[in-house]
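Below is one structure, written out as structure tokens, with a few remarks after it.
So that the names make sense, note that chain A is the first sequence line, chain B the second, and so on, each numbered from 1. Worth saying up front: this structure is predicted, and the values here are computed from it rather than measured.
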Protein chains: 2
Amino acid sequence: MLKAKPRLDRDARREAILDVAQEVFLEEGFAAASMSTIAARLGGSKGTLYNYFASKDELFKAYVERRCLWQQDEVFAVISGETPEEALLRIARSFLTHVLSEITLRNFAVIAAESERTPELGRILYETGPKQGAERLAAFLAGLDAAGALELDGDPLGASQHLLGLLQSPLMKARLLNAIPPITPTQVDSEAARGVRTFLRAFGRR
Amino acid sequence: MLKAKPRLDRDARREAILDVAQEVFLEEGFAAASMSTIAARLGGSKGTLYNYFASKDELFKAYVERRCLWQQDEVFAVISGETPEEALLRIARSFLTHVLSEITLRNFAVIAAESERTPELGRILYETGPKQGAERLAAFLAGLDAAGALELDGDPLGASQHLLGLLQSPLMKARLLNAIPPITPTQVDSEAARGVRTFLRAFGRR
DNA sequence: GTCTATAAAGCGATAGAC
DNA sequence: GTCTATCGCTTTATAGAC
């Protein structure tokens, strides 16, 4: 018997640790979260934690990377036969639902706060999140432009960024500062419609 | 001699403490900042600190309130005889310069992170910052609408929120996450022009 | 590989001399 | 009012039993 418990599932254990770490980081932020809290909620001990991650920093990095992988394909799911306005409305609602969800907002705030100390974390989140989202939306808008439904004047990325700005404008900051209660689906619908309407006034074919 | 050193300048000392506290809070965030660090950089002692502010929380609140007072009248300075587009461009540049400055961004990130624990802080910042700004801009836009320069369809606040969203869209998140270098005046001009152009396409008189 | 126990350092806050 | 010294507590990180 060389190894009594060889390793039932080291990867699963690692995932479980990241699940708990995500909870605690989102609840308390990076600085306030303690390895003791994470270990206690895990049911394990701090020794175990340090076995999987060399330090609190390494644990935090691993958590950010995993979240970025997750949210990559949440917004742009499938695009079937719809009118341009219907498609824009559906994407707008899906985007707002995701971006104003409590977990996404909290994640953003925590990483923004920590990105001063560790810019790498912020870069990872920005490039796999907002940046990629704007580029994918730009590609979709370019298609509508080519089909004659929009007038983008040759700058689909600019129009994409402006649509995203219109959608987030009043609610994003308010929610990031916890100045208003969580967003309801009704509010999402209303803001999506409002944003798309202004977008079409600016970029729709006259 | 009832009071030997009656009080040379208690208020000035309080201001000096808040100056140092602002530095440390912006550099390290709320949780990581320590009263010892603040006292040391002040040149005084922790005892002095606790003489002026009952707790770390009270010190933080006082700092937030002071910052909110400061930035109230920075953006909407004076509005003289300009064309509507010139006025919008000037306000847009002034707004972007303020909102994308390193100190404003860092302040926003720190308070957003802390507002989960203490929503009152976030509420104070939101209501005296973005909310008031949108309302003042709405009042200005309503004037342009009444003068026949814009077509706001009876919702000046909605148009104001959308203009602010257009201006901040691509750069705000990137800077909050420290994913791009500090904004240059050239970038501010370019984004302001881009945002105002889209805004006028949507709300300008046809 | 996982646990208990503990070391070493730092925290917010207080007490008391001056 | 301001300082020095220190209390009580919590933190990260490690050592050693199993």
NA contact type, Ser45(A), heavy-atom cut-off 4.0 Å: base, sugar-phosphate, or nothing?
-> base
Between dT2(C), dA13(D), dG1(D), spot the one nearest the side chain of Asn51(B), thanks.
-> dG1(D)
Over how many whole Å does the gap from Tyr50(B) atom OH to dC3(D) atom P extend?
-> 15 Å
Could you pull out the closest heavy-atom pair between Arg175(A) and Ile180(A), with the gap in Å?
-> NH1-O, 2.8 Å
Measure from CE on Met35(A) to P on dA9(C) and round the result to the nearest Å.
-> 19 Å
Can you tell me how far P of dC9(D) sits from NZ of Lys56(B), to the nearest Å?
-> 19 Å
What nucleotide, of dT2(C), dA13(C), dT11(D), holds the atom closest to the side chain of Ser34(A)?
-> dT11(D)
For Ala39(A), report the nucleic acid contact type (base, sugar-phosphate, nothing); a contact means any heavy atom under 4.0 Å.
-> nothing
With distance as the sole test, does Ser169(B) use its side chain to make a donor-acceptor pair with the main-chain N or O of Gln161(A) at under 3.5 Å?
-> yes
Atom pair distance, as rounded to whole Å: CZ in Phe30(B) and C1' in dG12(C) | 11 Å
Any ion pair linking Arg66(A) and Asp19(A) (charged N to carboxylate O, less than 4.0 Å)?
-> yes
Ignoring the backbone of Lys46(A), work out which of dT6(C), dG12(C), dT2(C) is nearest its side chain.
-> dT6(C)
Taken to the nearest whole Å, CG/Leu42(A) to P/dC3(C) is 8 Å
Check ion pair Arg41(B)-Glu27(B) (N to O, under 4.0 angstrom) = yes
Atom CG of Leu49(A) to atom P of dG1(C): distance rounded to whole Å?
-> 14 Å
